[in-house]
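What follows is a set of notes on a single structure, which appears directly below.
Note that ligands are numbered from 1 as they come in the structure, with each ligand's atoms numbered from 1 the same way. Here, residue 1 is the first one in the sequence, and each next residue gets the next number.
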Amino acid sequence: MFQITFLGTGATVPSAERGLSSLLVEHGQTRYLVDCGEGTLRQMRAAHVGLRRLDVVLLTHGHLDHVLGLASLAGTLELWHQGDRLDIHGGKDALEMARVLMEKVTFPDGHPGLDVTYHPLSPGCFRDRDGVRVSAFPVRHHDTDSFGFLFEEAAHQPLDGDKLDSAGVPNGPPRQALARGEPATLPDGRTITPTEVLGEPERGARLAVVGDTEDAGALADAVRGVDVLVIEATYRTKDKPTARGRGHLTVKDAATLAKAAGVGRLVLTHQSDRYDPEEVLAEARCFFPETTIAKDFDRVRVEAQPR
Ligand SMILES: [Zn+2]
Ligand SMILES: [Zn+2]
């Protein structure tokens, strides 16, 4: 299970209701910050998500509304000794922007307390640890080298309650040992191994996050079958010419992608305050009923859904 916290859901310029692009993906003790628009630090404080264990930042692209908050976030991590490393993953342009913010703005005299590493992305898996694979896929948006991100939780095989009961495994330490993958010794002296009481394998949750893009059709394979797709929808469908001119999607583009790719649920972000969110939602649901519009501080659980 992943949990998403939306920290900024606005498009290009912050409004009273919406900060700029940023969301936090959490899985167990692992945290990934996707984009870090201006004001992300303040949004994190307002959302009470804290700064501890925040050491992985994924950048969809280098436009300022997605990266400017890195300067204050990194400065505060160092100031408050909230970690000793920061791994920033992004395309070439995004990393160059991050490097300027780090080295020219926040830490012109160096940052001995925070080890910042820049990881250039290319398509494919770039991180596989703690039960989660994270992959990047290319995204078209103006002339940037943009990427979207796919988070895939490892399949797991939980204990089967019926098998535990019929083997006579009592609640408490014996079941806890089996859940940790260790053999358990029962009060009557028998030893039960985990393989004797495992249930059917279950697939893990899958989540795709896309930043700005003008070409939803090209993403169908990359996001196929995910449980949740988070993607921009900056313009209403009637404003398609403007959307294309500015390198963005319409609501219909995003919803049509969700349908074509068979995703479980669609969450639209990068919202402009020129529109009424209820009208945007109604429009999206005409094409894909399982749609919601993200608001700042919304939390969304991503679980593997049976299909
Ligand atoms: Zn943007
Ligand atoms: Zn952009």
Side-chain angles (χ1 to χ4, degrees), residues 4-25 32-44 57-73 88-101 120-121 136-149 208-219 222-223 229-237 239-254 257 266-275 277 280 284 293-296 298:
I4 307 171
T5 303
F6 286 90
L7 298 168
T9 59
T12 314
V13 177
S15 66
E17 291 77 30
R18 294 181 186 273
L20 291 181
S21 287
S22 186
L23 60 85
L24 185 68
V25 176
Y32 314 85
L33 188 70
V34 183
D35 285 342
C36 189
E38 171 194 337
T40 295
L41 176 61
R42 188 263 174 195
Q43 299 289 88
M44 292 184 73
V57 176
L58 314 180
L59 300 175
T60 60
H61 65 299
H63 284 164
L64 281 182
D65 60 320
H66 295 253
V67 301
L68 199 54
L70 267 178
S72 56
L73 178 66
I88 305 177
H89 301 260
K92 190 169 137 290
D93 301 347
L95 290 188
E96 207 160 295
M97 191 63 81
R99 204 183 283 269
V100 168
L101 290 170
L121 286 173
F137 52 88
V139 168
R140 255 184 62 196
H141 175 50
H142 289 304
D143 54 356
T144 63
D145 54 347
S146 295
F147 288 92
F149 300 105
V209 180
V210 177
D212 297 354
T213 184
E214 68 236 27
D215 187 359
L219 300 175
V223 306
L229 167 64
V230 178
I231 192 167
E232 71 129 311
T234 311
Y235 289 92
R236 295 280 303 272
T237 304
D239 293 327
K240 184 172 176 178
T242 314
R244 288 296 178 275
R246 298 189 177 167
H248 289 291
L249 297 184
T250 65
V251 172
K252 181 180 177 182
D253 292 330
L257 166 65
L266 173 66
V267 185
L268 299 178
T269 184
H270 207 271
Q271 292 291 292
S272 166
D273 59 3
R274 67 167 70 80
Y275 303 126
V280 173
I293 310 288
K295 301 190 303 297
D296 286 15
D298 276 356

TODO: Identify the residue among Asp145, Asp93, Asp212, Thr144 that makes a side-chain hydrogen bond (donor to acceptor under 3.5 Å, both in side chains) with His61.
DONE: Asp212
- [ ] Taking the Zn ion (ligand 2) as the reference point, name the nearest N/O/S atom of Asp212.
- [x] OD2
Task: Aromatic contact, His248 with His270 (centres under 6.0 Å) - done: yes
Open item on the list: Could you check whether any side-chain N or O of Asp65 sits under 3.5 Å from a backbone N or O of Leu20, counting only pairs where one atom can act as donor and the other as acceptor?
Closed with: no
TODO: May I have the angle between His61 NE2 and His63 ND1 with its vertex at the Zn ion (ligand 2), rounded to 10°?
DONE: 100°
Open item on the list: Taking N, O or S atoms only and a limit of 2.8 Å, check whether His142 reaches the Zn ion (ligand 2).
Closed with: no
TODO: Using only heavy-atom distances, determine whether the side chains of His142 and His63 contain a donor-acceptor pair under 3.5 Å.
DONE: no
Task: Metal check, the Zn ion (ligand 1) vs Asp65 N/O/S, cut-off below 2.8 Å - done: yes
Open item on the list: Regarding Asp298 and Lys295, does a basic nitrogen lie under 4.0 Å from an acidic carboxylate oxygen?
Closed with: yes
Task: N, O or S from His66 under 2.8 Å to the Zn ion (ligand 2) - done: no
Task: N/O/S atom name from His270 that is nearest to the position of the Zn ion (ligand 1) - done: NE2
